[in-house]
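In this chain, residues are counted from 1 in sequence order. Source: prediction; values computed, not measured.
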Amino acid sequence: MENSNFQNFLNSCDELINCKFLVAEYKLQKMLQELANTQEICSLIGECLESFNRDREFSKSFVQDGNGEFMFILPDEEYKILALVFCTLVDIDAKKIDFTDFVKRFFGNSENPYKSFVNSMIIPFKSLIVEAFGFLNNKNENTESEEENVEEDEFEEEEEVDSDLFERAQKIAVQILSQLEYARNDYSNSTAMQICRAIVKTSSMCDIDVTSSLAMALKGCKAKQVKFLVKELCDLFI
């Protein structure tokens, strides 16, 4: 695989994740172009589409609850996630799906509908492709890069890293709370929200035993809607 092509694809994913809603369609188009330039990713998506029943999976993922509210449910199987997100993005790019209406309809109950769309669809899509090819993307979701000062003493460097670790854990916990705020009020989601609130409250302690234990407890909740965010949180402490 051409590393430059793959990195260009990851960069385009990050641009879509971090952009403003007004330019999101342009960034989405760019991401699909970079995907098309990377033969290995195209082959992976093609394999996923072979076993993908488009109509059935769309009807299972884009649903309306008993109260008439529209919602998005991420599939359990990884190949279905890749196929579903890819088909949806292609339809948006081809104007078969009105992007503004789509985001408002299925993610409009959240405080930031576009961010909810990104967290629910784009980040899982990107993460699965990274995992499939064993690449590590060292950019965080805010596209901020940190430079280490080699002249700082070892204690100061360690303290800065630890502080950043707990800050990231807190941000992910807040993202999960945002995602679950309007999710089904079942035991798993309620417990997950309770644990996330505890992470937010205790992160300032910078106690790795406390935060990592809460992260592992969150993983045990098996809240499907936020499983990729939970994985991202747990990976901080591996």
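Across every non-hydrogen atom of L214 and I195, the tightest pair is O-CG2, 3.3 Å.
Using a 4.0 Å cut-off between charged nitrogen and carboxylate oxygen, E34 and K30 do not count as a salt-bridge pair. Ion pair E131/K126 not flagged as a salt bridge, since none of the NZ, NE, NH1 or NH2 atoms sits closer than 4.0 Å to an Asp/Glu carboxylate oxygen.
In this model, no donor atom of one side chain and acceptor atom of the other lie less than 3.5 Å apart for E15 and N11. There is a side-chain donor-acceptor pair under 3.5 Å between N109 and E69.
Side-chain atoms of S59 come within 3.5 Å of backbone N or O of R56 as a donor-acceptor pair. Remark: the backbone N or O of I208 is paired with a side-chain donor or acceptor of S212 at under 3.5 angstrom. Looking only at distances, a side-chain donor or acceptor of Q170 sits under 3.5 Å from a matching main-chain atom of V200. Remark: side-chain polar atoms of S188 are paired, donor with acceptor, to backbone N or O of C221 under 3.5 angstrom. A donor-acceptor distance shorter than 3.5 angstrom exists from the side chain of K227 to the backbone of D76, with no hydrogens or angles considered. With hydrogens and angles ignored, the 3.5 Å screen pairs a side-chain donor or acceptor of S61 with a backbone N or O of I73.
Under the 4.5 Å side-chain heavy-atom criterion for ILVMFWY residues, a single connected hydrophobic cluster contains both L89 and F58. V174 and L218 end up in the same hydrophobic cluster when Ile, Leu, Val, Met, Phe, Trp and Tyr side chains are linked at under 4.5 Å.
Taking the six-membered ring for Trp and thresholds of 30 and 60 degrees, F107 and F72 have ring planes inclined between 30 and 60 degrees apart. Relative orientation of the F102 and F62 rings is perpendicular, given thresholds of 30° and 60° on the angle between their planes.
Residues satisfying the ring pair (Phe, Tyr, Trp, His ring centres under 6.0 Å) test with Y114, not counting sequence neighbours, are F21, F117.
No side-chain heavy atom of D207 sits less than 4.5 Å from a side-chain heavy atom of T202.
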